[in-house]
Amino acid sequence: MNDYLDNNERNDYGLKYVDAQGYGTICKNYKIEFPPQHQDVQPGMEYLMTPRPIFNNPYYRSAGKLYRKVAIITGGDSGIGRAVAVGFAKEGATVVIAYYNEHKDAEETKEFIERLGGTCMLITGDIKDTKFCDKIVSETMKNYGRIDILVNNAGIQYQQKSLLDITDEQFELTMRTNIFSMFYLTKRVLKYMESGASIINLTSITTFQGEPELIDYVTSKGAIVGFTRSLATNLASKNIRVNAVSPGVFWTPLQPACWEAQKIPTLGSDAPMGRAGHPYEIAPLFIYLASDDSSYVTGQVMHINGGQYKG
């Protein structure tokens with residue numbers, strides 16, 4: 001665990017100390033899992049991360065819960081989206097991954113799904129563009145003839161110390177990526193959804209706790225909660241379920257793409273479980289919400305955060 005903590009030149013990453021076993025101490029002990037790192041791209045590249053996020057649970061036992069269903073997953077190339085795509089494929093779903101420009105990550109995900117015997121289609125473009133949203137829907141319908149599940153997972157976040165540091169351009173970019181695109185794509189997908197379909201939106205623990213250095217991001221994620229609850233009520237009579245998942249800190253490309261390098265080693269340390277989550281640990285929740293197991297669940301925000309927030 002200490003490959004990146006050289007015994008002769010130890011960095012405490014802002015902690016009181018880091019001992020020989022790689023534990024840092026402030027008020028409690030916790031293990032440092034991630035070395036300092038930063039990426040100057042959004043929403044980040046998984047293949048550049050050290051260590052790589054764990055997206056697959058080899059011990060997971062599938063039961064065909066999504067057999068013959070077709071799922072669109074935005075940002076499904078990496079991070080939580082990748083784990084969800086793999087989980088859906090294991091349960092028998094055909095997966096359509098819409099992603100921005102993370103081509104290497106996307107190809108890795110597609111290859112992994114195909115090795116499992118699943119079907120995966122990649123579509124690349126800008127989710128903020130309504131024409132790309134049209135393309136996602138038209139390509140899915142042309143190739144598979146149905147849409148049963150939509151996972152609105154794509155998003156960006158930028159660390160800024162003050163509201164005064166957030167430019168008007170950044171605020172608009174964050175809102176257009178995180179919430180406008182969700183409205184655009186959901187509206188287009190909805191035309192083809194039938195009774196029993198499921199829409200799953202990704203919000204964040206920061207919506208409920210606040211995060212002083214992610215003001216625009218938290219604003220967009222709060223809007224997603226309102227969108228989810230209102231749309232769920234609107235569609236309940238049609239038996240189309242709409243729910244949201246609210247993760248705590250998970251080790252995904254969004255973390256090094258957002259935070260300054262020295263913050264990375266302490267990610268998740270303030271959760272009662274003392275660590276960040278890995279994407280494979282959240283995928284079963286999406287499977288539950290996408291499948292008939294959650295046939296009486298709509299308008300809910302499901303929290304998974306190692307005990308950090310108890311909602």
Side-chain angles (χ1 to χ4, degrees), residues 42-43 71-76 79-81 84 98 126-130 132-133 136-137 147 149-158 160 163 166 168-191 193 197-250 252 254 258 282 285-286 288-290 294-305 308-311:
Q42 281 278 356
I72 295 173
I73 305 172
T74 66
I80 290 173
V84 172
D126 189 344
I127 197 71
K128 302 189 302 297
D129 185 349
T130 56
F132 180 54
C133 293
I136 295 169
V137 174
I147 302 172
I149 304 160
L150 172 62
V151 177
N152 287 306
N153 167 72
I156 57 173
Q157 65 179 37
Y158 295 92
Q160 298 289 4
L163 179 67
I166 301 173
D168 294 347
E169 291 76 16
Q170 179 188 309
F171 182 80
E172 183 172 347
L173 175 62
T174 300
M175 296 300 288
R176 286 193 174 278
T177 304
N178 294 1
I179 181 63
F180 281 33
S181 65
M182 190 175 294
F183 172 85
Y184 297 151
L185 185 56
T186 303
K187 182 179 178 181
R188 286 155 175 79
V189 165
L190 200 53
K191 298 175 184 178
M193 283 187 154
S198 175
I199 299 168
I200 308 170
N201 303 322
L202 198 76
T203 181
S204 169
I205 189 176
T206 59
T207 300
F208 303 91
Q209 289 190 321
E211 169 49 62
E213 297 184 3
L214 296 176
I215 295 172
D216 55 337
Y217 173 79
V218 176
T219 301
S220 70
K221 291 297 180 176
I224 290 169
V225 172
F227 178 68
T228 299
R229 289 174 171 166
S230 298
L231 188 60
T233 304
N234 181 266
L235 295 177
S237 63
K238 297 181 180 180
N239 194 33
I240 297 175
R241 294 172 291 108
V242 187
N243 293 286
V245 174
S246 177
V249 178
F250 277 76
T252 72
L254 206 59
C258 168
I282 199 171
L285 179 53
F286 284 83
Y288 167 72
L289 292 174
S294 60
S295 59
Y296 196 56
V297 178
T298 196
Q300 304 304 308
V301 179
M302 313 293 276
H303 296 275
I304 178 166
N305 50 55
Q308 187 174 357
Y309 173 82
K310 301 170 180 65

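For clarity, every value in this text was computed on a predicted model and none was experimentally measured.
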Check whether any side-chain N or O of [X] sits under 3.5 Å from a backbone N or O of [Y] as a donor-acceptor pair, and report yes or no.
X: Gln300; Y: Thr298; result: yes
X: Ser198; Y: Ile149; result: no
X: Asn153; Y: Gly75; result: yes

Least distance between heavy atoms, [X] atom then [Y] atom:
X: Ser294; Y: Tyr288; value: OG-O, 2.8 Å
X: Ile205; Y: Gly248; value: CG2-CA, 3.6 Å
X: Cys133; Y: Tyr184; value: SG-CB, 3.8 Å
X: Ala223; Y: Ile179; value: CB-CG1, 4.0 Å
X: Ile304; Y: Phe250; value: O-CE1, 3.5 Å
X: Val297; Y: Arg241; value: O-CD, 3.3 Å

- Parallel, tilted or perpendicular: which fits the ring planes of Phe208 and His303, with parallel below 30° and perpendicular above 60°?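 Perpendicular.
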- Phe183 CZ: over 12 foreign heavy atoms closer than 6.0 Å: no
- Ile156 and Asn178: CA distance, side-chain angles, deciding distance, side-chain contact (heavy atoms from CB on, under 4.5 Å) verdict: CA-CA 7 Å; Ile156 57 173; Asn178 294 1; 3.8 Å; yes
Could you check if a side-chain atom of [X] sits within less than 4.5 angstrom of a side-chain atom of [Y], using non-hydrogen atoms only?
X: Ile80; Y: Pro247; result: yes
X: Asp168; Y: Glu172; result: no
X: Thr228; Y: Val301; result: no

- Message: Could you tell me if Asn152 and Thr186 have a donor-acceptor pair between their side chains, going purely by distance under 3.5 Å?
- Response: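 The answer is yes; a qualifying pair exists.
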- Positive for side-chain contact (heavy atoms from CB on, under 4.5 Å) with Leu289, one of Val151, Val245, Ile199: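 Looking at Val151, Val245, Ile199, the match for Leu289 under the side-chain contact (heavy atoms from CB on, under 4.5 Å) is Val245.
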- Only one of Asp216, Thr174, Asn201, Thr207 forms a side-chain contact (heavy atoms from CB on, under 4.5 Å) with Lys221, so which one is it?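 Among Asp216, Thr174, Asn201, Thr207, the one that satisfies the side-chain contact (heavy atoms from CB on, under 4.5 Å) with Lys221 is Thr207.
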- Message: Working to the nearest 0.5 angstrom, can you tell me the gap between Ile215 CD1 and Gln157 CD?
- Response: 13.5 Å
- CA sep, side-chain torsions, deciding dist, call: Thr219, Met175, side-chain contact (heavy atoms from CB on, under 4.5 Å): CA-CA 8 Å; Thr219 301; Met175 296 300 288; 4.3 Å; yes
- Message: Using the rule given for side-chain contact (heavy atoms from CB on, under 4.5 Å), can you reason through Gln209 versus Gln308, listing the C-alpha separation, both sets of side-chain angles and the distance that settles it, and then say yes or no?
- Response: CA-CA 10 Å; Gln209 289 190 321; Gln308 187 174 357; 3.6 Å; yes
- Task: Applying side-chain contact (heavy atoms from CB on, under 4.5 Å), run through Ile147 and Val137 and close with a yes or a no.
- Result: CA-CA 8 Å; Ile147 302 172; Val137 174; 4.1 Å; yes
